[in-house]
Number of protein chains: 2
Amino acid sequence: MAFEDPAVTVDVIIFTIKDGRLQLLCVQRENEPFKGDPALPGGFIDINESLETAATRILEEKTGVTDVYLEQLYTFGDPDRDPRKRVITVSYFAIVNHDDVTVSGDDADWYPVRDRPDLAFDHDSIVSYANQRLQWKLEYTTAAFSFLPEQFTMSDLQKVYETVFDRSFDKRNFRRKIKKLDLVEDTGTKTENVSHRPATLYRPNKDVGEIVEIL
Amino acid sequence: MAFEDPAVTVDVIIFTIKDGRLQLLCVQRENEPFKGDPALPGGFIDINESLETAATRILEEKTGVTDVYLEQLYTFGDPDRDPRKRVITVSYFAIVNHDDVTVSGDDADWYPVRDRPDLAFDHDSIVSYANQRLQWKLEYTTAAFSFLPEQFTMSDLQKVYETVFDRSFDKRNFRRKIKKLDLVEDTGTKTENVSHRPATLYRPNKDVGEIVEIL
DNA sequence: ACAAAAGTGTTAAACATACACCCATGT
DNA sequence: ACATGGGTGTATGTTTAACACTTTTGT
């Protein structure tokens, strides 16, 4: 029995919707193993920072944003998940609005979640797990707003659901549900300069709790 | 920035129903800090074992059982959660049938979840979190069977829900729901030597998936 | 005969689903 | 005038929630 300490890292799955697709942020690995492959952004935790602080730090380093949806996902710790040494990784997942983000140059880029290339280490299975959790979150909480700017149309919101679940929803039933649950409030403004009927802009209703069964 | 490795432990929240109450297994701390206080069973991970293997090992050490419901709960890593040094703990929660367990002597004992004494370290908040997750699991999966023996009556099953949620359910509606979802099958046997009408014994229906919306 | 838990149906309200047309704007 | 997406209502089936009495056994 060797009770030697393993290394501990934090990896962050950063989801956004870009070009109408669910995408995630990866960095290109600079060294072996998996040199050149895309990998989840991550890093070792500082001995004095909390796990969530580490996740926030990594998120900010790659995207410049801090005040976004972020939650712990799962801790992966198979002895051989890193071929070099024992590394336990505490994963977090984040949802960002693509317009708020400036991807910091160092080989970070967006990859579509469905149809992504192979990722380094066990990051593929981490992403699969994160994607399941993301779907669950949209079903049962108001997390969908995190993909959107402060004001959005009903169609914008519906598109978030359609993108994440990769299926369509009935417009009338969708709107009825959102209004019934009182998830949004009318901002009193409408979209402008659109070559069709202007749409009402909504904002999230702050009085609604985090947990609400939506679908 | 010090990238020194923290210690990593696994703690296990072991739930059972005993004397009609939801209880959890704690061990008494033998050393400072928190000497004498009840604490979650746990231990350092061996450098070669997976996190789940470590959790299974700890579970077996304390209860003698291995083949039970066990899932990762959350990873707690605040820098000051252990006053001595940086310790990150990956928590797991387990559900056991009290009759299958022999609590191994070394100061391990059952404590009621509602109405428990103060626990060592941040274990109180870990237990609160585990209790929320337990309720969620019973609502949305078939985890309730894990509290019960292989055969049980509808009333036994209903009592599990009533104990965990600390409220009562309507007997007719409860039975209709369970039967509708096809969660159980009739074993063809009935309770014996009960001083009232014998009850049908059921077993879990193996064809039912893990995820089912129950309540 | 009594005590104790098992077992069973109906009704009303809420919710989910499927479905098609008119509206307001820019070009 | 046309193209584009915005916006709305109804009917049907399903699910939930509330509610009380009879049955079977042991003592």
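Of the side-chain N and O atoms in A:T200, one or more sit less than 4.0 angstrom from OP1 or OP2 of D:dG7.
Side-chain polar atoms of B:T153 and B:S155 form no donor-acceptor pair below 3.5 angstrom. For the residue pair A:T89 / A:S91, no side-chain donor-acceptor distance below 3.5 Å is found, with atom types taken as modelled. Remark: the B:N131 side chain and the B:S128 side chain contain no N/O donor-acceptor pair separated by less than 3.5 Å.
Separating the NZ atom of A:K190 from the P atom of C:dT25 is a distance of 8 Å, rounded to the nearest angstrom. At whole-Å resolution of the value, CG in B:N193 and C1' in C:dA6 are 16 Å apart. As rounded to whole Å, 9 Å separates atom C1' of C:dT8 from atom CZ of B:R197. In this structure, NE2 of B:H196 is placed 6 Å from P of C:dA5, rounded to the nearest angstrom.
A donor-acceptor pair is defined here as one N or O able to donate and one able to accept, closer than 3.5 Å; such a pair exists between the side chain of A:E162 and the backbone of A:F169. For the pair A:R175 (side chain) and A:M154 (backbone), a donor-acceptor distance under 3.5 Å is absent.
DNA chain C lies under 4.0 Å from no heavy atom of any residue of residues 141-161 of chain A. Residues of residues 163-182 of chain A having a heavy atom closer than 4.0 Å to DNA chain C, listed by number: A:D170, A:R172, A:N173, A:R176, A:K177, A:K180.
A:L183 pairs with exactly one of A:D207, A:T142, A:L157, A:N205 by the side-chain contact (heavy atoms from CB on, under 4.5 Å) rule, that one being A:T142. Exactly one of A:V96, A:I14, A:T16 qualifies for a side-chain contact (heavy atoms from CB on, under 4.5 Å) with A:V101. That residue is A:V96.
For B:E30, the CD atom counts as loosely surrounded, since its 6.0 Å shell holds 12 or fewer non-hydrogen atoms of other residues, nucleotides or ligands.
Contacts of B:T191 with the nucleic acid, taken as non-hydrogen atoms under 4.0 Å apart, are absent.
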